[in-house]
2 protein chains.
Amino acid sequence: MDAMPPPSRPVAGAEVPPGAALLPVTVDVVALTVRDDALHVLLVERGVEPFRGALALPGGFVLPGEGLAAAATRELAEEAGIAPPGYLEQLGTYGPLGRDPRGPVLSVAYLLLAPDFGLVRAGSDAAGAAWHPVADVLDPGALGFDHGRILADGVERARSKLEYSPLATAFCGPEFTVAELRRVYEAVWGVRLDPRNFSRKATGTPGLLVETGRFTSGGAGRPAALYRAAVRAPGIQGVGGSAATGDDGPASVPVVLDPPLLRPRS
Amino acid sequence: MDAMPPPSRPVAGAEVPPGAALLPVTVDVVALTVRDDALHVLLVERGVEPFRGALALPGGFVLPGEGLAAAATRELAEEAGIAPPGYLEQLGTYGPLGRDPRGPVLSVAYLLLAPDFGLVRAGSDAAGAAWHPVADVLDPGALGFDHGRILADGVERARSKLEYSPLATAFCGPEFTVAELRRVYEAVWGVRLDPRNFSRKATGTPGLLVETGRFTSGGAGRPAALYRAAVRAPGIQGVGGSAATGDDGPASVPVVLDPPLLRPRS
DNA sequence: CGGGGTTCTCGTCAAGCTGACATCAAAGCC
DNA sequence: GGCTTTGATGTCAGCTTGACGAGAACCCCG
């Protein structure tokens with residue numbers, strides 16, 4: 001669907017009722033990763049008004065003939081410099097009133113859970129994207145527009161996703177250890193988990209891990225068994241075949257963890 | 001926010017980049033209720049093309065100067081005849097490509113969990129709204145547009161909501177018995193629950209029920225204790241004060257059930 | 001080469017929760 | 001008054017959870 005040509009008329013609505021509003025639509029992405037045992041979010045420094053100089057989520061306007069998910073991946077590729085791996089799902093829609101000083105704008109937010117991929121032009125360009133610790137920018141007002149609220153919603157969505165879906169593996173590389181997976185949970189939830197109980201739970205939960213038979217080497221301590229994700233997250237690049245018509249609804253969870261991995265209750 | 005006057009220029013986008021698409025936006029509502037121990041959805045029979053004569057979710061185009069949630073409540077009021085009670089939250093956004101034969105249209109879907117409220121003009125008018133058992137219309141193709149998929153997403157959202165939030169009470173009236181609440185769970189999940197275990201769990205979960213001290217009378221069997229919802233669902237009518245700026249993001253869950261009420265696993 | 005430190009893996013055990021089921025209580029109905 | 005219906009309370013085995021001990025396998029260092 002990325003290669004779909006623009007339609008003949010760039011502005012739709014010729015057959016819709018005359019009273020309907022025609023709205024510009026943006027796509028903003030909450031891209032989360034875990035680095036140095038802390039949750040990070042991909043942010044850009046805005047180079048143009050409004051909110052010039054402020055930090056904001058990567059995103060931009062949907063172009064004519066473009067789907068929502070396609071717009072999200074395009075903006076990520078433009079502002080992060082690469083087509084990042086990971087799991088992408090729709091987060092929610094905000095607006096159109098009272099969120100952009102230029103006027104009514106509808107914004108569809110997406111959530112990306114990704115391993116710590118490198119950034120092209122990281123921090124060098126004026127509008128370059130960079131990872132920021134979520135804890136540093138979680139207070140309202142740290143980001144332009146209503147992106148502080150969108151980020152908070154994205155973090156909360158990620159936290160609950162980790163409980164009931166195997167998507168914690170989306171933060172890891174193709175092969176990882178149980179300890180790496182545990183540090184993902186610890187960073188996203190902001191808690192400390194017992195390594196022994198977590199290992200028992202993670203390896204005993206069907207649909208989460210697949211043994212590779214291989215082990216780590218070179219690190220300190222006893223070598224750890226390497227695992228792969230039991231489900232390949234239907235992410236940005238991995239779609240492969242056409243997902244029917246332009247698949248722009250809220251992504252369905254690939255698998256539900258059963259029993260869930262509940263976070264400790266205070 | 002309902003009374004907000006339209007802005008001076010009905011079509012926004014004067015200051016947005018020239019390449020951005022201007023899209024008509026519709027709001028569709030998946031209104032669910034429980035009647036006769038079965039999950040029902042509010043549907044309208046379309047009176048105009050496209051999909052004339054087919055069943056579809058109530059909804060319509062967002063008007064200039066109107067917020068998303070306001071458009072959802074307005075469409076519900078127009079097509080159901082009243083301002084229904086219940087809990088409203090955003091479900092997801094679909095499109096804009098390949099879902100409306102008239103051209104690109106963005107659709108923001110909302111989910112309403114409501115008690116079995118009466119319908120004005122129920123079934124009489126050509127475009128009147130009526131409750132339909134979800135089981136009758138869940139197969140793809142039963143509804144116009146992509147509403148079959150939106151309904152499926154809404155039902156799945158409702159199912160998981162019941163596990164981790166006290167929103168099952170949104171299906172009940174102001175006072176209800178544990179048995180009524182259990183029938184809500186049974187209808188939404190499609191399972192049979194043991195009344196004794198359910199009662200122990202429901203009354204023992206903090207943040208779900210509040211005793212009223214009153215009891216049912218007149219029915220068959222021993223009178224049952226009447227309860228109220230511990231949290232009033234922030235629904236359509238109950239907002240009261242202004243919810244800051246036009247609150248059109250995905251609604252946050254009012255309270256999280258802890259421990260959750262997990263549905264039986266297969 | 002051997003000891004200490006580190007990390008991973010397996011085992012143990014009490015406490016709490018879940019699912020299955022029995023028992024009692026309180027109404028209506030004949 | 002007995003029967004039926006429905007709600008409330010209790011019991012009990014089995015499982016899961018949280019806390020923690022102990023051994024295994026690697027690295028580093030002297």
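Each chain gets a letter, A, B and so on, in the order its sequence line appears, and its residues count up from 1.
- In this structure, CZ of A/Phe198 is placed 16 Å from C1' of C/dT7, rounded to the nearest angstrom.
- Taking the ring centroids of B/Tyr87 and B/Phe171, they lie at or beyond the 6.0 Å cut-off.
- Closest contact between the side chain of B/Ala179 and the listed nucleotides C/dT9, C/dC8, D/dG7 involves D/dG7.
- Comment: B/Glu89 engages B/Lys161 in a salt bridge, judged by a side-chain N to carboxylate O separation of less than 4.0 angstrom.
- We find that CG of A/Leu262 is positioned 11 Å from P of C/dT18, with the value rounded to whole Å.
- Ionic pairing of B/Glu186 and B/Arg182 is present here: one or more N-O contacts between side-chain nitrogen and carboxylate oxygen are shorter than 4.0 angstrom.
- Taking atom CG of residue B/Leu261 and atom P of nucleotide C/dC17, one finds them 13 Å apart after rounding to whole Å.
- Both B/Ala220 and B/Pro260 lie close to DNA chain C; mapped to their nearest nucleotides by heavy-atom distance, the more 5′-ward contact belongs to B/Pro260.
- Not a single donor-acceptor pair, N or O on each side, falls under 3.5 Å between the base of D/dG7 and the side chain of B/Arg196.
- You'll find the ring centres of A/Phe198 and A/Tyr185 inside the 6.0 Å limit.
- Here D/dG18 presents its C1' atom at 18 Å from CZ of A/Arg263, a figure rounded to the nearest Å.
- Two residues, B/Pro223 and A/Arg200, neighbour DNA chain D, and the one matched to the more 5' nucleotide by heavy-atom proximity is B/Pro223.
- At a cut-off of 3.5 angstrom, counting only N and O atoms as typed in the model, there is a donor on one side and an acceptor on the other between the side-chain of A/Arg222 and the base of C/dC8.
- Distance from the side chain of B/Asn197 is smallest for C/dA20 among the nucleotides D/dG7, C/dA20, D/dG21.
- For B/Leu181 and D/dT6, the CG to C1' distance is 17 Å, given to the nearest whole Å.
- Spacing between atom CZ of B/Phe176 and atom P of D/dG7 amounts to 15 Å, rounded to whole angstrom units.
- For the pair A/Glu180 and B/Gly218, nearest-nucleotide mapping onto DNA chain C gives the more 5' position to A/Glu180.
- One atom, OH of B/Tyr227, and another, P of D/dG7, lie 12 Å apart when rounded to the nearest Å.
- Going from atom CG of B/Leu193 over to atom P of C/dA20 covers 11 Å, rounded to whole Å.
- Looking at B/Leu226 and B/Arg214, their side chains come closer than 4.5 Å, going by heavy atoms from C-beta outward.
- Under 4.0 angstrom from either OP1 or OP2 of C/dT18 there lies at least one side-chain N or O belonging to B/Lys201.
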